[in-house]
Each structure stands twice: as C-alpha cells, then as structure tokens.
Q: 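Okay, handing you the structure first.
What's counted below: heavy atoms across the whole structure, side chains too, no hydrogens, waters or symmetry copies. From a predicted model like this one, the values you see are computed outputs, not experimental measurements.
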There are 2 protein chains.
Amino acid sequence: MDAVQDEAAGKRARGLDRAFEILDFLRQKRQALKPNEIAAQIGAPRSSVYELVNLLLSNGILEFTGGEGRVYLGRKLYFLGAAYENHFDFTRECEATLERLADETRETAQFCMLDGNRYTVVRMREGARPFRISTDVGQSVPIPWTASGRLLVAHLADEEILSFIPPQDFRLPGGEWLEPQTFIAEVRQAEREGLFTFNSIVDSFTHCFAVPVRGEEGHAAATLCLVTPRDDGIANRDRYLDCLKKAAAGLEHAPARPRRG
Amino acid sequence: MDAVQDEAAGKRARGLDRAFEILDFLRQKRQALKPNEIAAQIGAPRSSVYELVNLLLSNGILEFTGGEGRVYLGRKLYFLGAAYENHFDFTRECEATLERLADETRETAQFCMLDGNRYTVVRMREGARPFRISTDVGQSVPIPWTASGRLLVAHLADEEILSFIPPQDFRLPGGEWLEPQTFIAEVRQAEREGLFTFNSIVDSFTHCFAVPVRGEEGHAAATLCLVTPRDDGIANRDRYLDCLKKAAAGLEHAPARPRRG
DNA sequence: TGTTTTTGTCCGCTATATTGTACATATGAT
DNA sequence: ATCATATGTACAATATAGCGGACAAAAACA
C-alpha cells in the first residue's frame, strides 16, 4: 500500500532500493521491528529482507535493539545525517528562528521540507499551550494534506506536480477526494501571494499558516509554519503572517547553503 | 588504502556495500565530489560508481551540490539520522553535560563513540581558550590513536580486539608503530581503573582524559573526554577526572536507551 | 593548433544477487 | 494433543547487476 516506486509489478527489485525501502519503513514506524514483520508489511520476499537486514546490520546501518531480534536504524545513519547537517548548516539558525517565532506568537512553530514526494516536519517548537499536533516531527505525510505543501511544489509545472505527487495522496485523511485541479489552483494562489493558510485538513480545530523559505534557486526550499487554535489564528492573522515573513527572511541566508565547495 | 572490508581481492563487490562505501567516503572527505573522483579515490570501477551514484541521487540519499556534477550526502540521510537520534535520545542530555563540563573545567569537552571499527567525536564543546583540536567532530580516526579508544574496546577479548581493529591503525600519525600488545595492556589498565589519560598521540601539546559512559550491557557505549593543554591537565588531573566521572554517571541513565520498545 | 586528461554514456558478458520454495523450531490457539 | 502461525535458515534457478572496455565530448595543457 506504500510501495513508492514500483515501476512495474512482478519484477525483481534492486537490492539498494529494497534496502532504503526498509530504512524508510523503519523511520515511518519509529520502532524496532523483526525482519519478518518488515517483510510482511512492505510486501517484500522474506528471504530478501533477511539477506538485506543482515547486510545492513554488519555495516552498522541497522542495529539490534528492543530484543527478540528486532532491528532499527543504526548509528552509521546518525553519523551520515550529522555530516549532512554539518555541511548544509541550517540547524542553528533554524532553531533560533523557531524559538523566536514561538516567543512572539505563543503558538506552535514548525520548519518543514519535502521528504522525497511527501512532506515532513523537520523541526518544531511548541507554543505556550501545547496541544496534540496531528503530525509529529519526522513523519512523512501527503503533500496535499498540508498548507506548506502548496508552497513546496510551487516551482513545478502543473503536469510535473501531478506526476510528482502520488495519486493516492489526494485522498484526504477523512476519506474525501481532493480534486488535483483544485490543489493546483491553490498552489498557484500560494505562489502569487507568497503564503498559504487554511483550516487544517488533518484535524478539526487548528488553523495553519505557511510561508516559503527560498533557497538558492529561488523556489521554496522549506517553509515556516504556525499551527494555532482556529480562533487565535483568525484573530491574529495579520500579525502572525508578519512574524512568519520576517522569520523566513532571516533564514534565507542560511539554509541549504553549503559551508564549503 | 581505505577499503575497510575487502574480503578477497578481485571479486565483484555488492552494490549495497559499494554504495555505503561511497557514502562513508563522502563523509570522510566532508565535501562534494564528482562521481569520477569518487571512483578513482576509492578504487572502484567508474561505471559502477556512476550507476550507484545515479541510483542514490534518485532516492535522495545523495544530492547534487557544489556544481559541476558534484554530489554529497542527501537530505534523506539527514531524516534517517534524525530518526535514530530521536529513538536513542541521548542528544539533549549529552549537550547539557558537555556544557557543564566545559563550564567547570574551562577545557574542551567531547562525547565520543565507535564508528564501526574506528573512533569518532560525536559532539564537542570548546573550552575557554579554544585551540586547534586535531580531530574534528565527525571525523573517524584509528582507535589506537585516542585515549577513549582504550575504553571503547575494553569489553572485547584480546583476540577480538586484534581482529576488530584494522592492523594498519596501529601505525601512529608520526609513523611510529604501536605494538598491539602494548595497546592491549593499556586497554586492560583502562578497564581496571575506569579511565585513561595520556599525552595526545595526535599532537604534541595536549593531554587527554577519557572516562566511559556505560550502556545497558555494562560496557562503554561512549566516552566523555577532556582535551587540555599539557600543563593544565597535569595540574588539575584529580579535579578534572572527578568532573568527568560525575558527568558520565549523570549520562548513564540516558544514552543508548530507546524511548519505546 | 594539436595532444592529453577528465568526465560522462553506452553496451555486452557473466558472476551473482534476488527470490520462491522447502525445511526446522518455537509459540500460541483450540 | 492438534492445528495454525510466527520466525529463522538453506538452497537452487535465473534475471540482472556489476564490470571492463569502447566511444565521445569537453576541458586542460602544450
């Protein structure tokens, strides 16, 4: 149900792709799993998964943890990720910006990016009255479900957007179908206005504000968002958007800019 | 010169291993490289490297950056690393501990772990008088070059240590040969005393203090270190070791302990 | 200008990685 | 006790991934 890139069914999968499918799956699940469970849930041959898991274990990409032969992401991935973070040094500025945003607005502030063809919250700072946010940090969710999603694909042509986003991602969490043309219209509107806001699709009590953080190529490399109770959001709309835009402007020097090279 | 696990020469390498060899190599180099350069420097067939690099690019494991077709570690790795960090939630406590250590001693404090069969500085807090530390955060260096190395392998049997550490890693940076038996003796001493200190092998002006941070299995999952000017180190030895031990004790509840599962 | 090096693509051969199947245990349900 | 399910291992068949080598464009150099 989740197989992202099954070019053609019934073909032999490449080890590398399978391996990263396993890693991504563990990330989504956010818990250690047995090889057997992994195989069953991603719909891959058991023998292949066992072979790959053992390979990844011996490389430190996966680790035994949680007992019973369960495996989870390994330390080597942490090191590689740290090297990435170090190279594109956005973390420090990002953290400070979120802190300031949360201080100014008392609302929950998020820094979001694309994760492949989905959306993910990279960093989050809870507001004064924390409430249960529906999307956790690090979880990938369909692009059309989010305000930021409208901004993150705005640099693509219409057809590119349609082929980029998995079709099933236009099915909203409640089960309704979001017409792709409607989505595209919202993307273009967001692009023109340099922002997008709406009552969250994922829950029924929050309002979301998103503004782009533009990278070197001029399109949205990330977004800054506020997630607020609906009343607060409506009441403070102008001020919140102002805070967001100032914050984004401050970030646009830092993110996705390599330190050397 | 760096091929870590060449079981037998002249054999066909598995794509997965090659891929992670590429990733590790980029991490070591800490800069974007062209596929051609990668192939040449790791001694792999060009056609294979091109194929793998393109695969990794399409998965977001690698990214184009630095122009001229150069590639570096990609965003996906950052996400996977963040998931690891989130699961084994040691970062927050670790950062606070290093801060406190640096405050108490005014010296450079480090949190170190094994990276496969080598040693790496995971996090560092510079002291009051920062000086050029010879090993940067994220760089892997041979285990025998470091004080922490004595502690990190102490849970292994003698023969296990010898087969775990690449033989060439006993050649010290100055060119001298460290007799493995000498190293083992130091390991056992470190194990008994629960600490290791020496004048750095890597440079000629620092003294290093290391204490273990024990994980669930009771052996050193990580180390805390101080890197000091030699005079300072000798003069404050007892106090520094005391600070380190207290800090390590404080960490031993947190690190390498999964949040759930 | 001509020459060499660097960089990227393409293609056929074959060693082998992926996979289905079978087997062996452990665990749990009835 | 009997059956069903979950879990890990072993192995052979074959689709294919990795490799060497050829080709060409571009860049560096003379």
Q: Using the side-chain contact (heavy atoms from CB on, under 4.5 Å) rule, pick out the option among A:Arg75, A:Lys76, A:Arg70 that qualifies with A:Glu63.
A: A:Arg75
Q: Of all the nucleotides listed (C:dT9, D:dG8, C:dA17), which has the minimum atom distance to the side chain of B:Tyr50?
A: C:dT9
Q: Please report the distance, rounded to the nearest Å, between CZ in B:Phe64 and P in C:dT7.
A: 14 Å
Q: Figure out the CZ/P separation between A:Arg14 and C:dT16, and round it to whole Å.
A: 18 Å
Q: So does A:Ser47 reach the base of C:dG20 with its side chain, donor to acceptor, closer than 3.5 Å?
A: yes
Q: Can you say whether a donor on the side chain of A:Arg46 sits under 3.5 Å from an acceptor on the base of D:dG8, or the other way round?
A: yes
Q: With a 4.0 Å cut-off, would you call B:Asp115 and B:Arg118 a salt bridge?
A: no
Q: Return the 5'-most residue of the pair B:Asn54, B:Ala13 with respect to DNA chain C, ranking by each residue's nearest nucleotide.
A: B:Asn54
Q: Could you check if a side-chain atom of B:Ile143 sits within less than 4.5 angstrom of a side-chain atom of B:Leu114, using non-hydrogen atoms only?
A: yes
Q: For B:Asp17 and D:dG18, give me the distance from atom CG to atom P, rounded to whole Å.
A: 10 Å
Q: Considering only side-chain heavy atoms of A:Leu52, which listed nucleotide, C:dT18, C:dT9, D:dT7, is closest?
A: C:dT18
Q: Using atom CD of A:Glu51 as one end and atom C1' of D:dC11 as the other, report the distance to the nearest whole Å.
A: 12 Å
Q: Taking NZ, NE, NH1 and NH2 as the nitrogens, is one of them in A:Glu51 or A:Arg18 under 4.0 Å from a carboxylate oxygen of the other?
A: no
Q: Nearest to the side chain of B:Asn36, heavy atoms from C-beta on, is which of C:dT6, D:dG8, C:dT19?
A: C:dT6
Q: Taking atom types as they are modelled, would you say the side chain of B:Arg12 forms a donor-acceptor pair with the base of D:dA17 within the 3.5 Å cutoff?
A: yes
Q: Measure NZ/B:Lys34 against P/D:dA26 and give the value in whole Å, please.
A: 14 Å
Q: Starting at the 5' end of DNA chain D, which residue's closest nucleotide do you reach first, A:Gly69 or A:Gly15?
A: A:Gly69
